[in-house]
Amino acid sequence: MGDSLITIIAIFLAAILMFVFPLMSISERNDDIAQLGVYTATVEFVDNISTIGKITVEDYDSFLQSLTATGNSYDVEIEVKVLDENPGKKTTWAVQDKIGENIYYSVYTSQIEDVLYSTNKYVLKEGDIVTVSVKNTNTTISQMLRNFFYTVSGKDTYQIAAKHAAMVKSNGN
């Protein structure tokens with residue numbers, strides 16, 4: 001009876017070592033590849049915006065399409081800090097020809113999408129700051145396996161994320 005129990009335990013451990021750990025390794029590698037793809041797409045999208053000074057529907061849809069090509073669903077947040085040059089009284093510590101201070105106000109994803117889909121572009125000006133943040137919303141296979149075996153990550157955590165920001169270098173007109 002004792003030998004049978006040890007044999008069953010050994011078979012169970014062998015099955016875990018032969019099947020589960022390689023599956024976890026491959027799923028982690030898939031998440032790493034998706035992470036790299038999402039980061040690259042985010043950086044290219046933001047750098048393109050900062051170079052040309054506008055967001056077009058084609059660029060935005062292409063960005064969303066490249067994200068969904070990874071097989072996951074994502075929450076995309078765009079924030080544009082619009083430079084509001086506020087002329088005011090001359091300050092003593094500023095450059096002599098500069099009057100007042102620069103103030104930024106933020107415009108967020110829903111506001112940007114409203115303008116973007118109604119006019120086919122969202123125009124920016126030099127000095128504006130664009131920030132794009134992407135997080136996956138679905139649970140990947142890697143997360144499910146990790147939750148099952150380790151109970152490391154909770155239900156609200158994300159596995160794949162990217163964030164990039166840049167200052168706009170030219171007017172988009």
Side-chain angles (χ1 to χ4, degrees), residues 23-86 94 98 100-173:
L23 180 63
M24 287 179 66
S25 175
I26 289 171
S27 63
E28 287 286 336
R29 189 168 300 133
N30 285 341
D31 283 356
D32 290 343
I33 292 169
Q35 170 69 37
L36 181 62
V38 166
Y39 179 75
T40 303
T42 304
V43 168
E44 287 176 359
F45 179 62
V46 171
D47 288 346
N48 185 36
I49 293 170
S50 71
T51 303
I52 64 172
K54 62 184 168 183
I55 305 171
T56 63
V57 173
E58 294 82 22
D59 291 340
Y60 185 60
D61 288 342
S62 174
F63 172 63
L64 294 178
Q65 198 170 31
S66 65
L67 292 178
T68 56
T70 62
N72 297 308
S73 59
Y74 295 94
D75 179 28
V76 177
E77 296 175 4
I78 303 173
E79 178 184 5
V80 175
K81 292 184 180 178
V82 179
L83 177 63
D84 184 22
E85 296 175 359
N86 184 13
K98 177 115 174 115
E101 61 184 47
N102 293 335
I103 297 173
Y104 287 94
Y105 63 91
S106 294
V107 180
Y108 296 100
T109 307
S110 61
Q111 298 163 319
I112 294 169
E113 285 178 345
D114 288 344
V115 173
L116 186 65
Y117 288 119
S118 65
T119 63
N120 289 333
K121 65 181 177 179
Y122 185 85
V123 179
L124 302 156
K125 64 182 181 299
E126 186 176 354
D128 293 348
I129 299 171
V130 178
T131 305
V132 176
S133 134
V134 178
K135 297 176 186 173
N136 73 310
T137 57
N138 63 323
T139 304
T140 64
I141 295 172
S142 169
Q143 285 175 302
M144 287 189 285
L145 289 172
R146 209 175 315 117
N147 285 341
F148 181 72
F149 284 107
Y150 303 132
T151 62
V152 171
S153 59
K155 295 186 183 296
D156 293 335
T157 61
Y158 52 87
Q159 180 71 21
I160 302 166
K163 185 173 187 175
H164 191 65
M167 183 174 282
V168 177
K169 300 172 191 149
S170 63
N171 290 331
N173 295 334

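Just so you know, residue 1 is the first one in the sequence shown, and it goes up from there.
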*Using a 4.5 Å cut-off on heavy atoms from C-beta on, say whether the side chain of Lys163 contacts that of Thr131.*
yes
*asked:* If I take atom CD1 from residue Ile160 and atom CG from residue Asp31, how far apart are they, to the nearest 0.5 angstrom?
replied: 4.5 Å
*Can you tell me if Thr140 and Gln159 form a side-chain donor-acceptor pair at under 3.5 Å?*
no
*Atom CG of Asp75 and atom CD of Glu77: how far apart are they, to the nearest 0.5 Å?*
5.0 Å
*Is the closest side-chain heavy-atom distance between His164 and Asp47 below 4.5 Å?*
yes
_Once rounded to the nearest 0.5 Å, what's the spacing between atom NZ of Lys135 and atom OG of Ser133?_
5.0 Å
*asked:* Tell me if the CD1 atom of Ile141 is crowded by more than 12 foreign heavy atoms within 6.0 Å.
replied: no
_Polar side chain donor-acceptor pair, Glu113 to Tyr122, under 3.5 angstrom_ = no
*Looking at CD1 of Ile129 and OG of Ser106, how far apart are the two atoms once the value is rounded to the nearest 0.5 Å?*
9.0 Å
_So Leu145 and Ser27, do their side chains get closer than 4.5 Å, heavy atoms only?_
yes
_Return the CD1 to CG distance between Ile33 and Asn30, rounded to the nearest 0.5 Å._
5.5 Å
*Taking Glu79 for the side chain and Val107 for the main chain, is one N or O donor matched with an acceptor at less than 3.5 Å?*
no
*Any donor-acceptor pair under 3.5 Å from Thr40 side chain to Gly37 backbone*: no
*List the steps and the verdict of salt bridge (Lys or Arg N to Asp or Glu O under 4.0 Å) for Asp32 and Arg29.*
CA-CA 5 Å; Asp32 290 343; Arg29 189 168 300 133; over 6 Å; no
*Can you tell me if Asn136 and Asn72 form a side-chain donor-acceptor pair at under 3.5 Å?*
no
_Where Val168 and Ser170 come nearest, the two heavy atoms and their spacing_ = CG1-O, 3.1 Å
*Under a 4.5 Å cut-off applied to non-hydrogen side-chain atoms, are Tyr108 and Ile78 in contact?*
no
_Minimum heavy-atom distance between Ala41 and Leu67, given as atom pair plus value_ = CB-CD2, 4.5 Å
*Could you grab the distance from atom OH of Tyr60 to atom CG of Asn48, nearest 0.5 Å is fine?*
14.5 Å
*Side chains of Ser142 and Glu28: do they bring a donor and an acceptor to under 3.5 Å?*
yes
